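Just so we're clear, the structure is a prediction, and the values are computed from it rather than from any experiment. Order of the sequence lines fixes the chain letters, A, B, ..., with proteins taken first and strands second; residue numbering starts at 1 for each chain.
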Amino acid sequence: MASESDELARFIDKVRREGERLYRDLPWRRTRDPYAVWVSEAMLQQTQVSRVDGRWQRWLARFPSVEALAAADQADVLAEWQGLGYNRRALALKRAAEAVADQGGEVPSSVDALVKLPGIGPATAAGIRAFAFDLPAVYLETNVRTVFLHELFPEAEDVPDSAVRPLVEACVPDRDVRGWYYALLDYGAWLKRTVPNPSRRSRTHARQSRFEGSRRQKRAALVRLLLEAREAGLPGLSLDDAVAALGAQETGAGRPEPAPADVEGLLDELAAEGFCQRTGLFWAC
DNA sequence: TTCCGGCAAT
DNA sequence: ATTGCAGGAA
């Protein structure tokens, strides 16, 4: 009689086989340097492998260690991040590096210590544990979720992570945690190109609001303007220049130009988040 | 729950 | 024009 553990054992065998068949020799799999692995995890949050490849190498060449990143100018860090998206991740990574450097420079390996660092949540903490330290971890992210839903919840809809997580936990191997999760990631990534995205049946799955014309797009444009002003040797970005640039962007796209007060509000929010500092009618990073 | 970037594939 | 991405924080 087929027990639940038999089903799980067959599942594990299949994932191992598929993982071997579909193995991706990604650059960040060729290092065990915790900092380098951490940077890869941070970059890969909501960002495709194809875009991180190249940028990860360039980042490590420029900021080769926790100490180097901690000592770097934040604006340089932000500039190096451009194109990866979600600028907050760069700020969090920089701040976390400063915290780790203050604590002696060793990247922690416990989930508790990792999650205390800005920008590191349960998934990233588990990724660092598994890939850098080869330690047991419950790594539940989109590719892993895809595999479990496809294999173990083939018909279910609106599946909560609370139903998936115990299974992920039950599958954590005694040895080669790293290889197990590589297999899950590679099989999951392949599944999404092969069958209708199983992750869509997760309760976690959410559609994102439209980017074009969004507030998000304006924020990103302002960050670029701040970096350009700095690059040009200016004391900062003036409200007038920001209003003009954003106005041109919006008008060119057939949208109404934002009011100066709105642009000022966006800049002040960026300042409050630590992207820049305000002095009078100038914002500098 | 909502917000946060940017891009390639479709 | 839509989709989804090795998620985290407020």
Side-chain angles (χ1 to χ4, degrees), chain A residues 19 22 24 26-29 36-56 78-93 95-96 111 114-132 137-148 160-161 168 177-178 180-225 227 249 253 265-266 269-270 272-275:
Chain A
L22 301 165
R24 294 176 295 177
L26 300 169
W28 43 89
R29 292 183 178 183
V37 170
W38 171 17
V39 171
S40 77
E41 288 296 318
M43 288 186 171
L44 287 162
Q45 288 169 4
Q46 296 288 284
T47 305
Q48 263 112 326
V49 165
S50 60
R51 188 136 31 100
V52 171
D53 195 0
R55 300 301 302 269
W56 177 77
L78 211 45
E80 184 60 38
W81 192 268
Q82 288 311 291
L84 284 169
Y86 291 123
N87 292 312
R88 287 173 171 172
R89 291 183 297 167
L91 259 55
L93 184 55
R95 289 174 187 152
V111 171
L114 286 166
V115 168
K116 284 194 176 77
L117 296 169
I120 299 183
T124 302
I128 293 171
R129 271 176 67 80
F131 302 134
V138 181
Y139 187 41
L140 181 48
E141 49 68 67
T142 182
N143 290 308
V144 174
R145 191 178 288 115
T146 292
V147 174
F148 279 84
D161 277 353
V168 177
V177 180
R178 181 186 293 128
W180 168 243
Y181 282 112
Y182 286 161
L184 280 168
L185 291 177
D186 293 342
Y187 183 33
W190 178 82
L191 276 174
K192 277 180 285 198
R193 293 186 279 107
T194 310
V195 302
N197 191 353
S199 265
R200 210 173 295 168
R201 296 187 285 105
S202 166
R203 187 170 297 173
T204 306
H205 185 79
R207 287 188 53 184
Q208 243 192 190
S209 59
R210 163 182 201 83
F211 180 65
E212 194 59 32
S214 69
R215 165 194 162 86
R216 226 156 75 238
Q217 184 182 38
K218 296 184 186 69
R219 279 172 55 100
L222 288 173
V223 169
R224 285 194 297 273
L225 289 169
L227 291 171
Q249 171 183 304
L266 287 170
E269 288 186 40
L270 287 172
E273 291 175 46
F275 283 98

Review point. What is the ring orientation for Y182(A) with F131(A), classed by angle as parallel under 30°, tilted 30 to 60°, or perpendicular over 60°?
Key: parallel
Exercise for review: Calculate the interatomic distance between L93(A) atom CG and dA9(C) atom C1'; express it in whole Å.
Suggested key: 16 Å
Exercise for review: Assign each of A92(A) and Q48(A) to its nearest nucleotide of DNA chain C by heavy atoms, then name whichever residue's nucleotide is nearer the 5' end.
Suggested key: Q48(A)
Practice item. Consider the side chain of R210(A), meaning its heavy atoms from C-beta on, and name the nucleotide among dA6(C), dC4(B), dT2(C) that approaches it most closely. Key: dT2(C)
Exercise for review: Check whether any side-chain N or O of Q46(A) sits under 4.0 Å from OP1 or OP2 of dG7(C), and answer yes or no.
Suggested key: yes
Exercise for review: Using the C1' atom on both, measure dA8(B) against dG8(C) and round to a whole Å.
Suggested key: 24 Å
Check your understanding: Base, sugar-phosphate, or nothing: which does G127(A) touch, judged by heavy atoms less than 4.0 Å apart?
Key -> nothing
Review point. Which is true for Y139(A) with a 4.0 Å heavy-atom rule: it touches a base, it touches only sugar-phosphate, or it touches nothing?
Key: base
Practice item. Have a look at G85(A) and say if it touches a base, only the backbone sugar-phosphate, or nothing, with a 4.0 Å heavy-atom cut-off. Key: base
Point to revise | Contact under 4.0 Å: R51(A) side-chain N or O vs dG5(B) OP1/OP2 | key: no
Exercise for review: Have a look at R145(A) and say if it touches a base, only the backbone sugar-phosphate, or nothing, with a 4.0 Å heavy-atom cut-off.
Suggested key: nothing
Point to revise | DNA chain B: 5'-proximal contact among S50(A) and N87(A) (nearest heavy atom) | key: N87(A)
Practice item. Start with the C-alpha distance between R219(A) and N87(A), add both sets of side-chain angles, then the distance that settles side chain to side chain contact (heavy atoms under 4.5 Å, CB included), and finish with yes or no. Key: CA-CA 10 Å; R219(A) 279 172 55 100; N87(A) 292 312; over 6 Å; no
**Study point:** Between C1' of dC5(C) and CZ of R55(A), the distance in whole Å
**Key:** 16 Å
Check your understanding: When the distance from CZ of F211(A) to C1' of dA1(C) is rounded to whole Å, what number comes out?
Key -> 16 Å
Review point. How long is the line joining NZ of K218(A) and P of dC4(B), in whole Å?
Key: 10 Å
Check your understanding: Just to confirm, is there a sub-4.0 Å distance from OP1 or OP2 of dC5(C) to any side-chain nitrogen or oxygen of N197(A)?
Key -> yes
Check your understanding: On a whole-Å scale, what distance lies between the C1' atoms belonging to dT2(B) and dA6(C)?
Key -> 22 Å
Exercise for review: Please lay out, stage by stage, how D161(A) and R203(A) fare under the test side chain to side chain contact (heavy atoms under 4.5 Å, CB included).
Suggested key: CA-CA 7 Å; D161(A) 277 353; R203(A) 187 170 297 173; over 6 Å; no
Point to revise | S214(A) side chain near dC4(B) phosphate (N/O to OP1/OP2, under 4.0 Å) | key: no
Check your understanding: If you check every side-chain atom of R216(A), which of dC4(B), dA6(C), dG8(C) has the closest atom?
Key -> dC4(B)
Practice item. Starting from the 5' end of DNA chain C, give me the residue, R89(A) or R207(A), whose nearest nucleotide shows up first. Key: R207(A)
Review point. Rounded to the Å, how far apart are Q208(A) CD and dT3(C) P?
Key: 12 Å
Review point. Is any side-chain nitrogen or oxygen of K192(A) closer than 4.0 Å to OP1 or OP2 of dA6(C)?
Key: yes
Review point. How would you label the contact of R24(A) with the nucleic acid (heavy atoms, under 4.0 Å): base, sugar-phosphate, or nothing?
Key: base
Exercise for review: Rounded off to whole Å, could you give me the CG-to-P distance for the L44(A) and dG6(B) pair?
Suggested key: 17 Å
Revision key, fill the gap. Exactly one of V37(A), D53(A), V39(A) clears side-chain contact (heavy atoms from CB on, under 4.5 Å) with W28(A), and that residue is D53(A)
Exercise for review: Identify whether any heavy atom of T47(A) sits under 4.0 Å from a base atom; if not, whether one sits that close to sugar-phosphate; answer base, sugar-phosphate or nothing.
Suggested key: base
Point to revise | dA6(C) phosphate, OP1 or OP2, under 4.0 Å from T142(A) side-chain N/O | key: no
Exercise for review: Round to a whole Å and report the spacing from NE2 of H205(A) to P of dT2(B).
Suggested key: 15 Å
Check your understanding: Can you list the steps and then say if I120(A) with E41(A) is a side chain to side chain contact (heavy atoms under 4.5 Å, CB included)?
Key -> CA-CA 9 Å; I120(A) 299 183; E41(A) 288 296 318; over 6 Å; no
Practice item. Round to a whole Å and report the spacing from CG of L185(A) to C1' of dA6(C). Key: 6 Å
Practice item. Determine, step by step, whether L78(A) and L91(A) satisfy the side chain to side chain contact (heavy atoms under 4.5 Å, CB included) criterion, reporting the C-alpha distance in whole Å, the side-chain angles of both residues, the deciding distance to 0.1 Å, and the verdict. Key: CA-CA 7 Å; L78(A) 211 45; L91(A) 259 55; 3.5 Å; yes
